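For reference, the structure is listed below as structure tokens.
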Amino acid sequence: MAETYDYRTAERKWQQRWDEEGIYRAREDEDRPKYYALEMLPYPSGDLHVGHAKNYTLGDAVARMMRMLGYNVLHPMGWDAFGLPAENAAIQRRADPNVWTRENIANMQRQVRLMGTSYDWSREIATCDPRYYRWNQWIFLRLYERGLAYKREAPVNWCPNDQTVLANEQVIDGRCWRCDHVVERRNLSQWFLKITAYADRLLADLEKLRGWPERTRTMQRNWIGRSEGVQLSFAVETSEERISVFTTRADTIFGATYLAVAPEHAVVEQIVTKKHQNAVRDFAESLKSRSELERTSLMEKQGVFTGAYAVNPLSNERIPIWVTNYVLAEYGTGAVMGVPAHDERDFDFARKHGLPVAQVIVVPGSDIEAPLQQPYTDEGRLIASGDFTGMTSMRARKAITDRLVALGIGEAQVNYRFRDWLVSRQRYWGTPIPIIYCEQCGEVPVPDNALPVLLPQNVPITGEGSPLARDPAFTNTTCPKCGGAAKRESDTMDTFFESSWYYLRYLDPHNDQQPWDPAKAKHWMAVDQYIGGSEHAVLHLLYSRFFYKFFHDEGWVSESDEPFTRLFHQGMVLYNGEKMSKSRGNVVGIDQTAEKNGVDAMRLFLLYVTPPEDTSDWTDEGISGRVRFVNRVWRACEPFFDRARSVDVRALPQVSASEEKALVRAVHVAAKSAIDETLSRRFHYNATIARLDEYVNALTALEQSAPDSAAVLYAVHALPLVIAPFAPHIAEELWARMGHTSSVHLERYLEPSEQALAVDEITLVVQVNGKIRARLQAAPGISEDQAFELAMQQSAVQAQLDGKQIRKRIYVADKLLNLVAG
RNA sequence: GGGGAAGUGGCGGAAUGGCAGACGCAGCCGCCUCAAAAGCGGCCGGGUAUCACCCAUGAGGGUUCGAGUCCCUCCUUCCCCACCA
């Protein structure tokens, strides 16, 4: 009676063994090339589902492949453990955020292990651990010393539901990224990180990131939003005030027919005339009470006249100053020159409010006297522009900028769309910001030797206001400078702070002298392959690049100033075509799936169902195909354990029959596919697993017809080696059954042999005028003339050539012969 | 409105410019069985005159001896950004 494969027992046994023997532990080793494989660290929300599993399975297959290809692989895992869900659990069911998070970590760690992943658990981190967030505070202080962390009052995004501020990157379509509540604008004093100081490098270095998806680079480019232009000021007729505007189209300055100012702009109060005061105030008030979402979705351009006029510094024309809803207070100077003839928004606004449209650029091929029916936003040759008339737009921009500089009222300027990163949060479950406020000394940083500033336990969390601010035991302290009574900062850090540098802590997770040893960073960085969802294309990936450039400037990391050499976004997993969610109750959990199908089948299915970057659909029928595959692998090997033992898998078997050669070839084709997909970084293991199917199908077939063949014994013994990165448990079990005492995962991968991959016979396609008329079996390397002779003997070819002359012969060696006739 | 990616059987998908549909799922037929499950074998884009030929990779054009693949136009879907001056 044949023994059947018991995946439950085998999986448990091998996971335990790997753990005990620490076979995935990484050590610095100068003799082998290093490879840092990393998946984005998860938030410990409670349970893993097959969506997580896809991410970790892909990363694990890559790490295992690289390990078997001779690389010294670092593959760590940890927990992004601070954040709002823990606090919400505290509010809803009085759970302690610390206990809640620890329990979730324990459960998710169990599930990640259950998947048979090859992580080095000795490097595990949790960001809510004081031994970790201590270094958050340390890094914050270094940023502070460099002037890269600062506090200021600014209009910020406030989520009334989560009772905290949000970074611009966390506001999606005017809504909170976590709870989807409409975000409000508030003027608050908050901590910022000066990411804009790195704007140019963050933008320019995107060019270096050839191993990143193009669309992610484009998204970052657009998010940074660099634009070159000139900032110039207009005199106000009845006031000492001047109004600065930013424009990328200085060449259109003679076409300015009004100035448009944001309602929040400080100059408005100074210049507005008595007569217009009420209208302007009402207008500003009507906008203030609206959320940013309402304001921007309102698209319709509105505005009121201030009664004041400005003077165009080059044409000396007098133009009215309007307050409008379409000028953003936070971008540029909060004011723009309105050029209706050459800007779509200005055109809309001017037409609505009866402002003149002054054309200053020639529209090619049209009568310049005819009034413009639509704005002309392309470049061209200038008219009606004083000294600059006749110049091209490009030349005029330069000349006009030079003139404005000479007049002392303008300068060339670069503006960025993105803003500094708002990092303070009015929440409990995060890293305390290590700053103390003293009445005598002002803002004082906590000294390094007083770190960490511990997050206090047992603080009441109600969901209203900042919990730390209401805890006097925490806020009351003494000033590190003068020793007098002082107050601690009660805000905590955005959790993206922790995740911006965690990949460095893995290198040196137990260091209590510094966040990491720069020598270790020199050895292991940069991350060779980073794998995670595309939802972090801007947020986490931009922040991390910023941090890493700062670390590089400080000399804490060497080599590159980019942390992630190659990036891969895996697609999400649906269930029966629908998004999985707790509320729908259609989440496919890891525990049930592993129990029902086995982990190897689950891993194989996730890699097989689609290319990894595509959205995959989990179906119960689909996984059954891989369960069948695992069982087929077992049945193909089980009767041959004893005989296959003595076969040397590192030497090709002596075989002559074509079926035997075909089987040996199938083994090597599969191995080559696995290697090619890994080294090309395409990771299309769906194709590799199809080759594994063919391998096992060929093996099963030959076992029927020639069970004693050397090819069968070779293919049986090689199978665990070839499937090891994808189905690690059954691979290990088979390997052990064939007499090996050390792990298959520490073996070198099967090296594809040219000889084994070679074919005895090729099929040569014969075309006449591009249509297939015959197929010839021939030896590889057949000459064109020989092929032609054989082709001409084919009746189907003769029939097509009947009465025609061959004008041309196209020959692709070992593939095709095309006869062009007419 | 701008930018990006993609359209191939009932489904997921495969195919360095060279045999379209590998491999699998579902389905159908058969073997095994008292029966079922499992397993094994076969069929499985459409048409017709079925050991053969014709049509077929969203639609239309182009380049080429040859196009699913490259170029242009259009249609559709998905994603991202969206008053950034």
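Here is how names work: the chains are called A, B, and so on, in the same order as the sequence lines, proteins then strands, and each is numbered from 1. Being a predicted model, the structure only gives us computed values, none of them experimental.
- Looking at A:Thr688 and A:Ser673, their side chains do bring a donor and an acceptor atom within 3.5 Å of each other.
- In this structure, A:Lys771 reaches the B:C55 phosphate: one of its side-chain N or O atoms is under 4.0 Å from OP1 or OP2.
- In terms of the salt bridge (charged side-chain N to carboxylate O under 4.0 Å, His left out) criterion, A:Asp620 has no residue partners (sequence neighbours excluded).
- Taking the C1' atom of each, B:U57 and B:G17 are spaced 15 Å apart, rounded to whole Å.
- Remark: the separation of the P atoms in B:G24 and B:U33 is 27 Å, to the nearest Å.
- Taking a pair as Watson-Crick or G-U with both hydrogen-bonding distances under 3.5 Å, the stems of three or more pairs touching RNA chain B are B:1-7 with B:75-81, B:10-12 with B:23-25, B:27-31 with B:39-43, B:45-48 with B:52-55, B:58-62 with B:70-74.
- Remark: C1' of B:G18 and CZ of A:Arg809 are 17 Å apart, rounded to the nearest angstrom.
- Residue A:Asn222 has no polar side-chain atom (N or O) positioned under 4.0 Å from OP1 or OP2 of B:G2.
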For every nucleotide of nucleotides 24-29 of chain B, 5' to 3': is a protein heavy atom under 4.0 Å from its base (B), only from its sugar-phosphate (S), or from neither (-)?
SSS---
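- Looking at A:Lys301, its side chain comes within 3.5 Å of the base of B:C83 through a donor and an acceptor atom.
- Between the side chain of A:Arg775 and the base of B:C19, at least one donor-acceptor pair of N or O atoms lies under 3.5 Å.
- Applying the 3.5 Å distance criterion, the base of B:G4 shares no donor-acceptor pair with the side chain of A:Glu214.
- For A:Ser227, a side-chain nitrogen or oxygen approaches OP1 or OP2 of B:A85 to under 4.0 Å.
- In terms of phosphate contacts, A:Lys815 brings no side-chain nitrogen or oxygen within less than 4.0 Å of OP1 or OP2 of B:G18.
- Distance, A:Phe629 CZ to B:G39 P: 14 Å, rounded to whole Å.
- Straight-line distance from the NE2 atom of A:His684 to the P atom of B:A22: 19 Å, rounded to whole Å.
- In this model, the phosphate group of B:A14 is not approached by any side-chain N or O of A:Arg691 to a distance below 4.0 Å at OP1 or OP2.
- Side-chain atoms of A:Ser227 and A:Asn415 include no donor-acceptor pair closer than 3.5 Å.
- To the nearest angstrom, C1' of B:G17 lies 13 Å from CD1 of A:Ile810.
- For the C1' atom pair drawn from B:C72 and B:U63, the interatomic distance equals 11 Å after rounding to whole Å.
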